Amino acid sequence: MARSLSHMLLKGISGLSTASSTRIASGSFVQYGRRFSNTPPNDSDTHEDFKPTSKLDSSNLSLKDIVEQDIKGNPVMLYMKGVPDLPQCGFSSLAVRVLSLYDVPLSARNILENPELKSAVKAFSQWPTFPQIFIKGEFIGGSDIILNLHQTGELKEKLKDITANQEKSQ
């Protein structure tokens with residue numbers, strides 16, 4: 001069952017046509033023919049109170065402290081390219097798909113929005129690639145490791161407490 005499910009996941013990712021691929025250019029990207037932007041418009045008519053701000057920039061915490069808080073405060077933390085609803089690489093997409101099978105609360109940060117955050121996460125985990133997945137404060141690895149844990153049934157065990165706690169709180 002797990003092997004056929006992972007085969008379907010991988011087949012679904014590899015079956016995406018190049019026409020629906022994502023291109024990133026100067027803070028914007030195109031996916032499925034739609035243009036998205038992750039940078040705020042520079043509009044002189046917008047009052048300062050209504051301009052978007054970065055929570056990372058406005059906090060007095062170091063990036064290392066923010067990474068530590070993310071990992072300690074979230075049962076499943078994913079540092080990825082893009083966001084869970086719109087991953088911007090196949091490996092991040094695979095990680096989100098596998099984790100979503102377990103119906104656990106998933107917290108994520110887009111490392112493409114902040115190069116310093118990307119460096120801080122790499123330094124924290126001593127792992128060079130993304131996505132990076134932390135479960136209950138423990139660094140697990142990337143999408144290949146999550147997929148392997150899913151196929152062997154170990155991921156279900158790691159997430160069992162989180163799923164049980166989620167059901168109790170509802």
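Source: prediction; values computed, not measured.
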Heavy-atom donor-acceptor pair, Gln132 side chain to Ser125 backbone, under 3.5 Å: no
From CD (Glu154) to CG (Asn148), nearest 0.5 Å: 7.0 Å
Distance-minimising heavy-atom pair for Pro131 and Leu78: CB-CD1, 3.7 Å
More than 12 heavy atoms from other groups under 6.0 Å of CZ on Phe91: no
Closest approach of Gly82 to Asn110 (non-hydrogen atoms, all atoms of both residues): N-OD1, 3.0 Å
Heavy-atom pair of closest approach, residues Val67 and Ala120: CG2-CB, 4.3 Å
Interatomic spacing from OG in Ser62 to CD in Glu68 - rounded to 0.5 Å: 7.5 Å
Shortest non-hydrogen separation from Lys122 to Pro128 and the atoms involved: CE-O, 3.0 Å
Heavy-atom closest pair, residues Tyr102 and Leu155: CE1-CD2, 3.5 Å
Ile135 and Ile162: CA distance, side-chain angles, deciding distance, side-chain contact (heavy atoms from CB on, under 4.5 Å) verdict: CA-CA 9 Å; Ile135 297 176; Ile162 298 169; 4.0 Å; yes
Chi angles and distances behind the side-chain contact (heavy atoms from CB on, under 4.5 Å) call for Val121, Arg109: CA-CA 10 Å; Val121 174; Arg109 281 202 193 260; over 6 Å; no
N/O donor-acceptor pair under 3.5 Å between Lys136 side chain and Lys158 backbone: yes
Approximate separation, where rounding is to 0.5 Å, of Ile133 CD1 and Ile145 CD1: 8.0 Å
Between CG on residue Asp65 and NZ on residue Lys72, distance to nearest 0.5 Å: 9.0 Å
Inter-residue atom distance Ile71.CD1 - Ile66.CD1, 0.5 Å rounding: 12.0 Å
Test item: Ser92 side-chain N/O and Pro87 main-chain N/O as donor-acceptor pair under 3.5 Å: no
Closest non-hydrogen atom pair between Asp70 and Asn74, with its separation: O-ND2, 2.8 Å
Any donor-acceptor N/O pair, Asn114 side chain to Leu117 backbone, under 3.5 Å: yes
Parallel, tilted or perpendicular: ring planes of Phe134 versus Tyr79, cut at 30 and 60 degrees: perpendicular
Positive for side-chain contact (heavy atoms from CB on, under 4.5 Å) with Met80, one of Leu112, Val96, Ile111: Val96
